[in-house]
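Heads up, the thing below is written out as structure tokens.
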Amino acid sequence: MEYDFRKIEQDWQKQWKERKAYKVSNDPAKPKYYVLDMFPYPSGAGLHVGHPLGYIASDIYSRYKRLKGFNVLHPMGFDSFGLPAEQYALETGQHPAETTKINIATFKAQLDKIGFSYDWDREVWTSDPAYYKWTQWLFLQLFNSYFCNTQKKARPISDLVNKYASKGAKDFTAEQWNAFSKKEQEEILMKRRLAFSSFGEVNWCEALGTVLANDEVVNGVSERGGHPVVKKKMRQWYLRITSYADRLLEGLEILDFSDSMKEMQKNWIGRSEGAEMKFKVHGSEFDVEVYTTRPDTIFGVDFLVLAPEHELVSKITSIEQKQAIDEYLSYVKSRSDRERMAEVKQISGCFTGAYALNPFDGKQIPIWIAEYVLAGYGTGAIMAVPCGDQRDFLFAKHFNIPITNIIGSYYNGEEANPTKDAILENSGFLNGLLMKDAIAVANNKIEELGIGKRKVNYRMRDAGFSRQRYWGEPFPIVWKDGIAIPLDEKDLPLELPHVDKYGPGPDGEGPLANLTDWVNVDLSASTNQDLSPSSSQDLTANSNQDLTLNPSPKERGTEQHSGYGYVTSTAEEWKHTIEFAKQNRKDPTAEEEMMWQELRNRNIDGYKFRRQHPVEGYIPDFVCLEKKLIIEIDGAYHTEEEQKIFDSAREKWLNEYGYTMIRFSNTEIKNSLPNVLKKITEELSKDTDAEKGTGSHSPLLWKGAGGEVKRETSTMPGYAGSSWYFLRYMDPHNDKTFCDRKVSDYWNQVDVYIGGTEHAVGHLLYSRMWTKVMYDLGLIGFDEPFKKLVNQGMIQGSSRFVYRVVVLHIGSDEPEIIFLSHNLYIKWQNKELDNQFLLSKIIELDPHIVSSENFEQEEFMINPIHVDVNIVDGVELNIDAFRNWKPEYKEAVFICEDGTLNAPLSFGEGLGVRSNDAKYICGVETEKMSKSKYNTVNPDDLVLKYGADTFRMYEMFLGPVEASKPWDTKGIEGVHRFLRKLWRLFNDEIKGPVWTSSAPSPLERAGGEVTDAELKVLHRTIKRIEEDTERFSFNTAVSTFMICVNELADIKCHKKEILQNVLILLTPYAPHIAAELWHQLGNEGSVLDAMFPAFDAKYLVETSKEYPVSINGKLRTNLVMELNASQEEAEKLVLANEVVQKWLEGKQPKKIIYVKGKMLNVVI
RNA sequence: GCCCAGAUGGCGGAAUUGGUAGACGCAACAGACUCAAAAUCUGUCGUUCGCAAGGAUGUGCAGGUUCGAUUCCUGUUCUGGGCACCA
């Protein structure tokens, strides 16, 4: 009987499905074990052999745990929101929901063929509304929580509100709090929420009108189209992960993650201890605050460096340096942080013309700006100590800044020395101190003088949580009066509306912004009638403050508000504003009217202006929204001192939102209108909207500021759904809560989590943070999601090449398509093979070609071309398959390894294969697996050809799970042979089963009593398989199985008592064949639930051993003796040994080392 | 640039606390069976000297510790991975 794996696998898969063999119940009576894979993103390309590696490993482990008696949760689902589906939709117009569905179906079909033990009843998709309802709900928990710095944990924001209302805070009293407008209160609360909204920089591409991900930006231009990309500030959502920095760091210590993984996370969090310190700017009111980890070097500071984006840059730059600084800023603008970090060696910077004063000795220190200082870290400014920091050193050298040496001979003038072991010199009160000790002394002094304080900094920043994209979870947030209001829980899920176009919305918003009907929330339709933040209902928001609202020049009042002059924020105020705007339009001054006629009629440079159009709570005279240019005409109303203050406050406010303001006097309008228009044109041509300033127009605040209720149009990023999915598997169908607490208490942490290293800092950190928040809020009972993490390595592609010979300027019309075999190509490259050889081959192919006179002068080029790895057997090309591969290769001619030609029959006789040795050998290179390199291998093909069991075992046999390795299909035969050999222990391929249930007794069936030798093989195998499986060493486990089967075959063991135990061991690895043979043996129950055989050491006990005997550490011979021989006995035997005697040459050994059970070493 | 991991035959890899380097498999070679092929089985298989017995040498490179180092230490070269809008 043959091993018909196709039938066997189909039958068993069908049976398991029908019997729900993988159904998992939440059974608290049994011990639990949770094995989880990182769920895949269902890409359109389907699976290649690299994907299942981790899945097979986890499947083996969970099946193994099941045999060990655990209730094993081993689910699978899909991370089905994401950019590729949206990109595909943009290109093809197909809705992501549709393509996602199709892709998932393909994935599942492919996975099922491999025979995984998933309970598909627990499948989750992140893009399923029933799932993302709870993603949105959890987002709201984050939104409604803050991080309590005393308790170091998340608490409901209502606690904070109560505290503010009763006790106030550092910056305000309870009375002040209660007097704040609702908007002011909300702004303060927003600064504490764990999910919060704020302005942040994004990669903005003007040409595409959209925000781009970092990897969509290459060298400052968009990956698609190559359009310029700049940094732009936009309102974004964030998670306050920085609050959890310390806990995320501490948590690592108890986790069973690889060191490199922990290191990556530590590095990412990037905790550093240091001090913040203020330097006075000479002759100005400003201070530069720097962050340093080395306050001990304070007397070595030779200059300060600000990040180019630092807010002080414009304020302290001297008139002489202004142009240089502006030029430098525009150079910096288009470069991303990553580029800036990548090109550290390129030194650039610019002197601001300003000087700071060293707080200790009053020394004047030049202030520079340079891109090596990043705005986002520390204070965005550093004190540069060239003798101690290499970057500062190079900078100083490059710009000829004198260097102060404070470390004596430790500094050699050639490079900086970051030592902490030097005794300080030239360092005022720190002189004579060891640097290490001086740090604390300096810190104390800084704090004592009140010029700074100790400060812990983190490289990690708060996690950007919004994307201006379509295919993600919509935020359960609406905006009203500039306040973010969460939807009520009963309005969840907020379903992603259907769109027809996937292009960006206006002003850099996502595609959802195009859906006007969806964005504008109809209040009457909402169940959340009052639309107030649910957790701050006890807010005694004082929104009816007696503010004079008119922001127009004419009736501007005198009260200040928010420190900016007037801000229109409440609906009530907004109504007034709009009324005023209308009024103003009807009642323009003569100058305004003149200006309007020009602006409207001229339509300057194609830009459209509006007059009396409300912007950010103000009504400017004229505004070009596209360019964010505001034109104000100073009328008779702007003479008073107070008005001037308001004007500047207003300008400041508007600048923060990215607006530029130019002012003209009425006289200018009347007398020199052409000049005015020229100025406007200049202003318009200056720089684009996007390149402008650090502030920016905020579409969201803007849209929601008008009293209307507008939906948030951003969507959540990919990691939103994946941050908590491991909990949903536990209780996937619960529509009352995200996961019942009882259920999560039972399944608890994921015991083993398997996935790639690419998620080391993204998904894993976010997921850990969410878990901690959920724990703090009492939603779950553990604060780390994954107990143990196993990283599967990448499987690389193994590319194959053919070498095409190209003859330049050949006389013939149609050049022949000729390929040169690999080793000949190498010889040709090394000039060991000349063109004459190639020539002779071409002449052999087509004698007529000789007529071409200049032929001997022709030049040759040989191009390596990727060839489909699937039509290459090892390195030998399947020539016929190649000719059929692509139409242009139909008539391909090969110069084979032995130099003979292989041409298609149509070329005439004598040009076919000349000998058996005429093989075409391909070149090999290891590269990333990708379609374009024709090196992908589809698991389906392999399963079809060899079966799922072979495929599973072969993937494991390739090498350690954690290691990256190239795929090579060739070796799969060996594993397949092993399974067939196993099969033959049970079945004679001709005579049929070795063992049949009709035979009278087990002993007769298989030839007698079980022998010690057989038991020894079995128990050694049990021991090794158990150990190897436990430590995820699946490759050695497979080899153990091979050894076991080889040995059983050698001793001709066909006994049920032995073999059925082997089958149980094998079940996790090759479930189908194990089930089939288990069944053939006449066993009743399922092998899936068999009991893992117990290892008994007594079968492995040995009494004697063949000890290796070394002389001076070099192995010379072996010696059989009692395993537990004493030192004396051993020495006696060793000295009596012939070989040892020979090496001793009559001398006495200096020493005889005897390690019991290991070896013997004679030292001469 | 910074951080991390790795380097063992023709190839994938094994060697679990320092103790017989190369398990297991692929490829290759020789042989058996066969008209032949496939399948299967047997043997050889790091390099090198030698008819052999047996030696020398060998885990990226250069050193060190040790009776003994793939394993520990120092330096060095190379390769792979990561460095926040990625599946």
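Residue numbering restarts at 1 for every chain, and letters A, B, ... go by the order of the sequence lines.
- In this structure, of B:G12, B:A84, B:C3, it is B:C3 that holds the atom nearest to the side chain of A:E263.
- As the counterpart of B:U71, no nucleotide is assigned, since no Watson-Crick or G-U wobble pattern has both distances under 3.5 Å.
- Using a 4.0 Å heavy-atom distance criterion, A:D462 is classed as a base contact.
- By the 4.0 Å N-to-carboxylate-O rule, A:K970 lies too far from A:D968 to be salt-bridged with it.
- With C1' as the reference atom, B:A53 and B:U40 are 36 Å apart, rounded to whole Å.
- The side chain of A:R984 lies closest to B:C41, out of B:U57, B:C41, B:A87.
- Nearest-nucleotide assignment on RNA chain B puts the 5′-proximal partner with A:R1116, out of A:R1116 and A:D79.
- Computed from coordinates, the A:I269 CD1 to B:C83 P distance equals 15 Å when rounded to whole Å.
- Separation of the A:W237 and A:F139 ring centroids falls under the 6.0 Å cut-off.
- B:G10 and B:A23 are spaced 14 Å apart, taking the P atom of each and rounding to whole Å.
- For B:G46 and B:U59, the P atoms lie 16 Å apart once the distance is rounded to whole Å.
- Contacts of A:M38 with the nucleic acid, taken as non-hydrogen atoms under 4.0 Å apart, are absent.
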Inset, instruction - Could you go through the side-chain hydrogen bond (donor to acceptor under 3.5 Å, both in side chains) check for A:H48 and A:T936 one step at a time? - result: CA-CA 6 Å; A:H48 62 63; A:T936 58; over 6 Å; no
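- Within 4.0 Å (heavy atoms only), A:N267 reaches sugar-phosphate atoms of the nucleic acid but no base atom.
- The pairing partner recorded for B:A53 is none, the criterion being a Watson-Crick or G-U wobble arrangement whose two distances lie under 3.5 angstrom.
- Annotation: B:U34 and B:C24 have their P atoms spaced 30 Å apart (nearest Å).
- Here the two rings, on A:Y1107 and A:Y1154, have centers that are under 6.0 Å apart.
- Figure legend. B:C11 is base-paired to B:G25; pairs are counted as Watson-Crick or G-U wobble with both atom distances under 3.5 Å.
- Contacts of A:P960 with the nucleic acid, taken as non-hydrogen atoms under 4.0 Å apart, involve only primed sugar atoms and P, OP1 or OP2.
- When heavy atoms are screened at a 4.0 angstrom cut-off, A:K1114 is found touching the sugar-phosphate backbone but no base atom.
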Inset, instruction - Please lay out, stage by stage, how A:T1021 and A:T1040 fare under the test side-chain contact (heavy atoms from CB on, under 4.5 Å). - result: CA-CA 7 Å; A:T1021 307; A:T1040 300; 4.1 Å; yes
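- Rounded to a whole angstrom, the distance from the P atom of B:A30 to that of B:C67 is 49 Å.
- Counting non-hydrogen atoms of neighbouring residues, nucleotides and ligands closer than 6.0 angstrom, the NZ atom of A:K108 exceeds 12 such neighbours.
- Separating the C1' atom of B:U8 from that of B:A21 is a span of 8 Å, rounded to the nearest Å.
- Protein atom CZ of A:F39 is 11 Å distant from nucleotide atom P of B:A87, rounded to whole Å.
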Legend entry - Annotated protein contacts, base or backbone, on nucleotides 16-32 of chain B with a non-hydrogen cut-off under 4.0 Å, one of B, S, - each: B--BB--BBSSS-----
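- Side-chain contact annotation: A:S466 with A:Q236, donor-acceptor N/O pair under 3.5 Å present.
- Nucleotide B:G13 is shown with an anti base, its glycosidic torsion being more than 90° from 0.
- The same atom, P, is picked in B:A27 and in B:C41; the two are 13 Å apart, to the nearest Å.
- When Watson-Crick and G-U wobble pairs are counted only if both distances are under 3.5 Å, B:U79 pairs with B:A5.
- Taking the ring-ring contact (aromatic ring centres under 6.0 Å, His included) definition, one finds that A:F196 meets it with A:Y238, sequence neighbours left out.
- No side-chain heavy atom of A:F5 sits less than 4.5 Å from a side-chain heavy atom of A:K945.
- If you check B:A84 for Watson-Crick or wobble pairing at under 3.5 angstrom, you find it has no partner at all.
- Using Watson-Crick or G-U wobble geometry with both donor-acceptor distances under 3.5 Å, B:U20 finds no partner in any strand shown.
- When heavy atoms are screened at a 4.0 angstrom cut-off, A:W1143 is found touching the sugar-phosphate backbone but no base atom.
- Annotation: B:U70 and B:U57 have their P atoms spaced 13 Å apart (nearest Å).
- Looking at the side chain of A:M264, the nearest of the listed nucleotides B:C41, B:G82, B:A87 is B:G82.
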